[in-house]
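First comes the structure, then the notes that go with it.
Because the structure is predicted, anything quoted here is derived from the model rather than measured.
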Amino acid sequence: MKLILASNSPRRKELLAGLDIPFEVKVLPGIDESYPDDLPVTQVAEFIAKEKAAPYLSMLDEEEMVLTADTIVVLDGHIFGKPADGQEAADMLRMLSGKTHQVITGVCLTSLQIQRAFSVTSDVTFKTFTEEEIDYYVKTYKPLDKAGAYGIQEWIGYIGVTALHGSYFNVMGLPVQRIYQELINLGLS
């Protein structure tokens, strides 16, 4: 079975490559990432991952499987996606500062024969950030392409994460341990 990663994320490419499973990247433009307003926050990432998989079905052949994923950050029932600009990124970091939040990554493995979807949740606790730390991170690392406006593998994670319960790689954007197990369960690895 040939694995296709449907993501331009450099972090997802790096993480999936770490499994030593050959894959190729194919990304379709204009994939809808909306979700119903009444959907429980714990189901949003998995819902979006499934929605991202649907347009690929018509292009798959019998020997291909596409991996789609979506990561969200949740604090007190509120979803933090990717910030629109530096101000929104700084606001998100202020809200996450000194608190524990959840990072939920939904994953969908889709072939013409099967579809397996799941989500993985990790709890991340941040120290209380100073305004200078937030300003430095937003200006230096430009976290606009990251859910919750941060990358745990960057400076803010080095200085700010005081506790992590769950998968570090999930917080980076792809729960590779679970993906590997699912591929084994499907007889693909």
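Rounding to the nearest 0.5 Å places CZ of Phe118 at 10.5 Å from CD of Gln181. Taking CD of Gln43 as the reference point, atom CD1 of Ile72 lies at 10.5 Å (rounded to 0.5 Å). A distance of 11.0 Å separates CD1 in Ile48 from OG1 in Thr68, rounded to the nearest 0.5 Å. Between Leu5 atom CG and Leu67 atom CG the span is 6.0 Å, to the nearest 0.5 Å. Going from atom CE of Met172 over to atom OG1 of Thr71 covers 11.0 Å, rounded to the nearest 0.5 Å. Remark: Leu174 CG to Ser7 OG distance equals 8.0 Å, nearest 0.5 Å.
Tyr56 places a side-chain N or O within 3.5 Å of a backbone atom of Lys26 that can act as its donor or acceptor partner. Between the side chain of Ser97 and the backbone N or O of Leu93, no donor-acceptor pair lies under 3.5 Å. A donor-acceptor contact shorter than 3.5 Å links the side chain of Lys99 to the backbone of Met95. A donor-acceptor pair under 3.5 Å links the side-chain atoms of Glu88 to the main chain of Ala84, judged by distance alone. Between the side chain of Arg178 and the backbone N or O of Val120 there is no donor-acceptor pair closer than 3.5 Å.
Smallest separation of non-hydrogen atoms from Ser111 and Met65: CB-CE, 4.0 Å. Taking all atoms of both residues into account, the shortest heavy-atom contact from Gly77 to Val41 is O-CG1, 3.4 Å. Pairing each heavy atom of Val138 with each of Pro143, the nearest pair is O-CD, 3.7 Å. Between Tyr150 and Ile156, the closest heavy-atom pair is CB-CG2, 3.7 Å. The two atoms that bring Cys108 and Ala53 nearest to each other are SG-CB, 4.1 Å, heavy atoms only. Pairing each heavy atom of Lys50 with each of Ala117, the nearest pair is CE-CB, 3.4 Å.
No path of Ile, Leu, Val, Met, Phe, Trp and Tyr side chains, each step under 4.5 Å between heavy atoms, connects Leu15 with Ile104, placing them in separate hydrophobic clusters. A single hydrophobic cluster is seen to contain both Val27 and Val107, as judged by linkage of ILVMFWY side chains at heavy-atom distances under 4.5 Å, directly or through other members. Residues Met92 and Trp155 fall within the same hydrophobic cluster, defined by Ile, Leu, Val, Met, Phe, Trp and Tyr side chains chained together at heavy-atom separations under 4.5 Å. By the rule that hydrophobic residues join a cluster once side-chain heavy atoms approach within less than 4.5 Å of another member, Val103 and Leu16 end up as members of one cluster.
A salt bridge does not link Asp85 to Lys142: none of the charged nitrogens lies less than 4.0 Å from a carboxylate oxygen. Comment: Glu182 engages Arg116 in a salt bridge, judged by a side-chain N to carboxylate O separation of less than 4.0 angstrom.
Between Ile79 and Tyr35, the closest side-chain pair of non-hydrogen atoms falls below 4.5 Å. Side-chain contact between Thr105 and Asp70: absent, with no pair of heavy atoms (C-beta onward) separated by less than 4.5 Å. The closest side-chain heavy-atom distance from Thr100 to Val124 is not below 4.5 Å. Under the 4.5 Å side-chain criterion, counting only non-hydrogen atoms from C-beta, Lys13 is in contact with Val25. Looking at Leu112 and Leu57, their side chains come closer than 4.5 Å, going by heavy atoms from C-beta outward.
Between the side chains of Thr110 and Gln115, at least one donor-acceptor pair of N or O atoms lies under 3.5 Å.
Tested against Leu164 for a side-chain contact (heavy atoms from CB on, under 4.5 Å), the candidates Val171, Thr125, Asp123, Asn170 yield a single pass: Val171.
In this structure, Lys127 places its NZ atom where more than 12 heavy-atom neighbours from other residues, nucleotides or ligands lie under 6.0 Å away.
The aromatic ring centres of Phe80 and His101 sit 6.0 Å or more apart. A distance of 6.0 Å or more separates the ring centres of Phe129 and Tyr137.
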Please report the C-alpha distance between Gln102 and Ser122 in whole Å, then the side-chain angles of each, then the deciding distance to 0.1 Å, and finally whether the side-chain hydrogen bond (donor to acceptor under 3.5 Å, both in side chains) criterion is met. CA-CA 6 Å; Gln102 290 70 49; Ser122 301; over 6 Å; no
